[in-house]
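As the structure lists them, so they are numbered: ligands from 1, and atoms in each ligand from 1.
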Amino acid sequence: MAATPRGTTPVPPDVRPRLTVLSGPSGVGKSTVVAHMRKEHPEVWLSVSATTRKPRPGEKHGVHYFFVTDDEMDKLIANGELLEWAEFAGNRYGTPRAAVQERLEKGEPVLLEIDLQGARLVRESMPEAQLVFLAPPSWEELVRRLTGRGTEPPEVIERRLQAAKTELAAEPEFDTTLVNTSVEDVARELLALVGVV
Ligand SMILES: Nc1ncnc2c1ncn2[C@@H]1O[C@H](COP(=O)(O)OP(=O)(O)OP(=O)(O)O)[C@@H](O)[C@H]1O
Ligand SMILES: Nc1nc2c(ncn2[C@@H]2O[C@H](COP(=O)(O)O)[C@@H](O)[C@H]2O)c(=O)[nH]1
C-alpha cells in the first residue's frame, strides 16, 4: 500500500506554510523518512534538537542532536533559547529557537521532527505551521519497528508505547496524516508538503 495522505488539500506554492512539524509515535519511522528525503534533497533544512538523552551508537553531536546535560538544558529553557521543549519517556528535548527563526526570516522552509507535546506548543505559538502526523500501518507493526530497532531496553520501549497510545489518539489534531507503509512514498509526500521546489 502506498503512503496515504488523509485530509491533504493542495496549497498554492506562494501561500505554502514555511514551518512544517512532523510528529508521530516513537518507532513509526520519522527519522527514517526524513533521512530518505534529505538524502535525495539535502536542501531541506531540518532543525537539530537539544536533548538530555544519551547518544545511541552512531549518533553525532550537532548532527542528530545537540546532546546536553540536565544543567545545560535548564539554562537553554531559562534563557528562552528553545522554541518549544518537552519531556518524553524520561528525557527532555527542545528546538533551538535562533536557527529556526533565521531560516523563517529568510523565507526558507523549516522542518521540525518533534513529539506531540512539542507539536501542540508550536501550534499555539505559530498557528500558521502545518502539522503532519506520521502513522503506522498497524499497532503490531509499530511495536515490531520500535522493538526491532534495538536501541532501547524493554522498560523504555514500554514507556514509549504507552506514550504512543496518547499520540495515536491525537491524530485528528493534525492537518495531514501520512501512513508509513513505504518509506519512499512517504518521503515523496512529505517533500511536497514541506514545499521545497
Ligand atoms: N516503512 C517502513 N517499513 C519498515 N520499517 C520501517 C519503515 N520506516 C521505518 N522503519 C524502521 O522502523 C524503525 C524505527 O524507525 P525510526 O527510528 O525512523 O522511527 P522514529 O519515528 O524516528 O522513532 P523515534 O521517535 O523513537 O526517534 C527503524 O528500525 C526503521 O528502519
Ligand atoms: N518536543 C520535542 N520533541 C522532540 C524534539 N526532538 C526530538 N523529539 C521527539 O522525541 C521523541 C524521542 O526521540 P528519540 O530520538 O529519543 O527516539 C521523538 O518523538 C522525537 O520526535 C524536540 O526538539 N522537541
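- Looking at Y93 next to ligand 2, an N or O pair under 3.5 Å apart turns up.
- Shown in contact with R160 at under 4.0 Å from a heavy atom are these atoms of ligand 1, numbered in order with element: 26 (O).
- By the 3.5 Å distance cut-off applied to N or O atoms, L146 is not counted among the residues near ligand 1.
- Geometrically, ligand 2 and G24 share no nitrogen or oxygen pair separated by less than 3.5 Å.
- Heavy atoms of P25 come nearer than 4.0 angstrom to ligand 1 in at least one pair.
- Not a single heavy atom of G148 sits less than 4.0 Å from an atom of ligand 1.
- For R160, the closest heavy-atom approach to ligand 2 falls below 4.0 Å.
- Every pair passing salt bridge (Lys or Arg N to Asp or Glu O under 4.0 Å) that includes a residue from residues 104-121 is listed here, sequence neighbours excluded: R120-E173.
- In this structure, of E184, R149, E113, H36, the residue bringing a heavy atom nearest to atom 27 (O) of ligand 1 is R149.
- Applying the 4.0 Å criterion to heavy atoms of G118 picks out, from ligand 2, the atoms 1 (N).
- Of the candidates R53, R145, H64, R144, it is R145 that places a heavy atom closest to atom 13 (C) of ligand 1.
- Of the listed residues (V48, I114, V34, L116), the one carrying the non-hydrogen atom nearest atom 2 (C) of ligand 2 is I114.
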Take L19 and Q130 through the test side chain to side chain contact (heavy atoms under 4.5 Å, CB included) and record every step on the way to the result. CA-CA 6 Å; L19 181 67; Q130 71 172 333; over 6 Å; no
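- In terms of N/O distances under 3.5 Å, ligand 1 is not approached by G24.
- Under the 4.5 Å side-chain criterion, counting only non-hydrogen atoms from C-beta, V132 is not in contact with D175.
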Should H64 and V48 be marked as a side chain to side chain contact (heavy atoms under 4.5 Å, CB included) after you check the CA-CA gap, both sets of side-chain angles, and the distance that decides it? CA-CA 6 Å; H64 299 93; V48 178; over 6 Å; no
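- Among L82, D74, V68, the one residue that satisfies the side chain to side chain contact (heavy atoms under 4.5 Å, CB included) test with R92 is D74.
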Test F66 against H61 for side chain to side chain contact (heavy atoms under 4.5 Å, CB included), laying out the working first. CA-CA 5 Å; F66 295 107; H61 183 78; 3.9 Å; yes
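- Residues L83 and P96 form no side-chain contact, since every pair of their non-hydrogen atoms from C-beta on lies 4.5 Å or further apart.
- Side-chain contact between W85 and Q117: absent, with no pair of heavy atoms (C-beta onward) separated by less than 4.5 Å.
- For the 3.5 Å distance criterion, the side chains of R53 and T51 fail to qualify, holding no donor opposite an acceptor.
- Within the 4.5 Å cutoff, no side-chain heavy atoms of P153 are placed close to those of E158.
- Protein heavy atom in closest approach to atom 15 (O) of ligand 2: Y65 OH, 2.6 Å.
- When each atom of ligand 1 is checked for a heavy atom of V183 under 4.0 Å away, the hits are 1 (N), 2 (C), 7 (C), 8 (N).
- Remark: minimum distance from atom 1 (N) of ligand 1 to any protein heavy atom is reached at N180 OD1, 3.0 Å.
- Counting heavy atoms from C-beta on, the side chains of V110 and W45 come closer than 4.5 Å.
- When only non-hydrogen protein atoms are considered, atom 9 (C) of ligand 2 lies nearest to D115 N, 3.7 Å.
- When each atom of ligand 2 is checked for a heavy atom of T95 under 4.0 Å away, the hits are 23 (O).
- Contact check for L76 versus N79: no side-chain heavy atoms found under the 4.5 Å cut-off.
- No N or O atom of S26 sits closer than 3.5 Å to an N or O atom of ligand 2.
- Classification of E141 and R144 as a salt-bridged pair holds, one side-chain N sitting under 4.0 Å from a carboxylate O.
- Note: an N/O pair closer than 3.5 Å links T32 and ligand 1 by distance alone.
- The protein heavy-atom contact nearest to atom 26 (O) of ligand 1 is S26 OG, 2.6 Å.
- Considering backbone and side-chain atoms alike, E152 places every N or O at 3.5 Å or more from each N or O of ligand 2.
- Close contacts of ligand 2 with R53, meaning ligand atoms under 4.0 Å from a residue heavy atom, involve 14 (P), 15 (O), 16 (O).
- Once rounded to the nearest 0.5 Å, the distance linking CG of L116 with CZ of F133 reads 7.5 Å.
- Among all non-hydrogen protein atoms, the one lying nearest atom 11 (C) of ligand 2 is F88 CD2, 3.7 Å.
- The nearest protein atom to atom 19 (O) of ligand 1, hydrogens excluded, is given as G29 N, 3.1 Å; this is a heavy-atom distance.
- For the pair R145 and N180, the minimum side-chain heavy-atom distance is below 4.5 Å.
- The K30 neighbourhood of ligand 1 comprises atoms 18 (O), 19 (O), 20 (P), 21 (O), 22 (O), 23 (O), 24 (P), 25 (O), with distances under 4.0 Å to a heavy atom of that residue.
- Within the 4.5 Å cutoff, side-chain heavy atoms of E72 are placed close to those of T69.
- Among protein heavy atoms, atom 14 (C) of ligand 1 sits closest to G27 O, 3.4 Å.
- Using a 4.0 Å heavy-atom cutoff, Q117 is absent from the residues neighbouring ligand 2.
- Counting heavy atoms of neighbouring residues, nucleotides and ligands inside a 6.0 Å radius, atom CZ of R159 does not exceed 12 of them.
- The distance criterion of under 3.5 Å between nitrogen or oxygen atoms is not met by S182 with respect to ligand 1.
- Any N or O atom pair closer than 3.5 Å counts here, and R56 shares at least one such pair with ligand 2.
- Atoms of ligand 2 lying under 4.0 Å from at least one heavy atom of A86, given by number and element, are 1 (N).
- Contacts between T181 and ligand 1 below 4.0 angstrom, taking non-hydrogen atoms only, involve the backbone exclusively.
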Show the numbers, then the answer: is there a side chain to side chain contact (heavy atoms under 4.5 Å, CB included) between E140 and V143? CA-CA 5 Å; E140 291 72 23; V143 175; 5.8 Å; no
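- Each of the following atoms of ligand 2 lies closer than 4.0 Å to a heavy atom of K30: 19 (O), 21 (O).
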